[in-house]
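Encoded as C-alpha cells, the structure appears first; notes follow it.
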Amino acid sequence: MKNRQNVLTAALTGLAPAVWGSTYLATTELLPPDLPLLATTMRALPGGLALLALGRKLPVGIWWWRTLVLGVLNIGAFNFLLFIAAYRLPGGIAAMIMSAQPMFVVILAALFLSERIRLTHALACVMGTGGVALLVFKGTVSLDTVGVLAAIGGALCMASGITLTKRWGRPEDVGLLTFTGWQLTAGGLVLLPFWLSLEDLSDGLTGSNVIGFAYLITLGAVLSYIVWFRGIERLPAVAVSFLALGSPIVATLLGYLVKEQTLSVLQIVGMAVILLAVVLGQRRPPKPKPEQTHPAPPRSTAPPSHDQPALEQKRSG
C-alpha cells in the first residue's frame with residue numbers, strides 16, 4: 001500500500017516539471033519577446049501575493065531568512081540563471097548542463113540529509129545526462145563562458161533548493177499553500193528590481209500576452225510549485241531531483257506537436273533513456289531485516305528441592 005502511495009506521489013510531483021516544460025512554448029508564442037526578467041517576475045510575484053492574501057500569515061523568526069534563501073534558490077536566482085543560459089548557449093547545451101542537477105542533489109543529500117550515495121543513483125545520473133544529450137544536442141557549438149557558468153549555477157540553485165526545502169521542512173502551523181506563497185513572493189521580489197532596471201515594457205501588453213502571463217502565473221507557478229513542494233515533503237530529495245528530467249521531454253514533444261519540429265530516432269531513444277533514469281532514481285534501498293531474537297528459555301517448573309529451606313535460612317542468617 002505504501003509503495004502504491006509513493007508511485008502516485010511521484011507521478012503527481014512529476015506533473016510540475018511537465019508543466020515547466022510547456023513554459024518555453026508559452027513564452028515564445030504568447031509573451032513579449034526578449035523580456036525574460038519580466039516573464040520570470042510575473043510568473044512568481046502575482047501568484048505569491050495571491051497565496052499570501054489567502055493564507056494571511058507571514059514568516060516568523062528564523063523563517064524570514066529561510067524563506068528568502070528558499071525563494072532565491074528555488075525561484076528567483078534559478079529562473080534568472082536559467083534564462084541567461086538559454087539565451088547564451090545554443091543547441092540545448094543549457095539543458096545538458098542543467099541535467100547534472102540530480103548529481104548535485106545526490107551529493108548534497110549525502111552531506112546534509114544523511115541519504116546514502118547508491119550505485120543506482122550514480123547510474124541514473126549518467127543515464128539522465130546522456131538521455132538529455134540525445135534529446136536536445138544538435139551538432140558542434142561554441143561554448144559561451146557566461147552561459148556555461150549560468151547553467152551550472154542554475155543547476156546548483158535547484159539542487160540546493162530541493163535539499164534545503166527537504167531539510168528545513170515547513171513550520172507546523174503553516175499550510176502548504178501559504179508556504180508556497182512565501183517562496184514565490186520572495187523570489188519575485190528579488191527579481192523585481194532587476195526587471196525594472198534592465199528591461200522596458202513601453203509597448204504595452206497584447207491579449208495574447210495576458211493569456212500567456214495568466215498561464216504562467218496559475219499553472220506555471222502557483223499550482224506547479226504547490227505540487228512540487230508537496231513532493232519534496234513526501235519523497236526523498238534524490239527521487240524528486242530525477243523527476244525534473246521530465247521537463248525537456250515535454251518541451252521536445254510540444255515542439256513536435258505544435259510547432260511541427262522534427263523528432264529523430266536518437267531523440268526518441270533519448271526520451272526512453274531519460275524515463276529509465278527517472279524510474280531508477282525513484283528506487284529506494286530495501287529496508288533492513290529485523291534482527292532475529294532468540295526466545296527466552298522457559299522458566300523451570302520443577303518442584304523445589306529438599307535443600308531449599310536450608311538455603312533460604314542460610315541467606316537470611
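Computed from heavy atoms alone, side chains included, the values below leave out hydrogens, waters and symmetry copies.
Between the side chains of T206 and N209, at least one donor N or O lies within less than 3.5 Å of an accepting N or O. Donor-acceptor pairing under 3.5 Å is recorded for the side chains of Y215 and S22. Side-chain atoms of T13 and W228 include no donor-acceptor pair closer than 3.5 Å.
The ring-ring contact (aromatic ring centres under 6.0 Å, His included) check on F194 picks up F80, with sequence neighbours excluded. Residues meeting the salt bridge (Lys or Arg N to Asp or Glu O under 4.0 Å) test with R170, sequence neighbours left out: E233. Checked against side-chain contact (heavy atoms from CB on, under 4.5 Å), V174 has the following partners two or more places apart in sequence or in another chain: K57, P171, T178, F179, W182. The ring-ring contact (aromatic ring centres under 6.0 Å, His included) check on W64 picks up nothing, with sequence neighbours excluded. For the salt bridge (Lys or Arg N to Asp or Glu O under 4.0 Å) test, no residue two or more places apart in sequence or in another chain qualifies with E199. Take L257 and apply the side-chain contact (heavy atoms from CB on, under 4.5 Å) test, not counting sequence neighbours, and it matches no residue. Under the side-chain contact (heavy atoms from CB on, under 4.5 Å) criterion, V146 pairs with I84, R88, D144, sequence neighbours left out.
Atoms OG1 and CG, from T185 and L52 in turn, are 4.0 Å apart once rounded to the nearest 0.5 Å. Once rounded to the nearest 0.5 Å, the distance linking CD of Q183 with CG of N74 reads 5.0 Å.
In this structure, L15 belongs to a hydrophobic cluster whose other members, linked by side-chain heavy atoms under 4.5 Å apart, are L12, V227. If you chain together ILVMFWY residues whose side-chain heavy atoms come under 4.5 Å of each other, L276 ends up grouped with L123, M127, L134, V265, L266, V269, V273, L280. Through direct or relayed side-chain contacts under 4.5 Å between Ile, Leu, Val, Met, Phe, Trp and Tyr, V60 connects to no other residue. Hydrophobic cluster of V190: the remaining members, joined at side-chain heavy-atom separations below 4.5 Å, are L68, V72, listed by chain and number.
Looking at F213 and L38, their side chains come closer than 4.5 Å, going by heavy atoms from C-beta outward. In this structure the side chain of L70 reaches within 4.5 angstrom of the side chain of W168, judged on heavy atoms.
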Next on the checklist: Go through it in stages, so that I can follow the logic: the residues are V222 and T180, the test is side chain to side chain contact (heavy atoms under 4.5 Å, CB included), and I'd like the CA-CA distance, side-chain angles, deciding distance and then a yes or no.
Outcome noted: CA-CA 8 Å; V222 173; T180 304; over 6 Å; no

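Contact detail for I75 and A44: the closest heavy-atom pair is CG2-CB, 3.7 Å.
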Do any side-chain atoms of residues 237-253 form donor-acceptor pairs under 3.5 angstrom with protein atoms, and if so which ones, sequence neighbours left out?
residue, atom, partner, partner atom, Å
S241, OG, V238, O, 2.6
S247, OG, G21, N, 3.3
T252, OG1, P248, O, 2.8

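Criterion: ILVMFWY side-chain heavy atoms under 4.5 Å apart, direct or through other members. Under it, V210 and L30 are not part of a common hydrophobic cluster.
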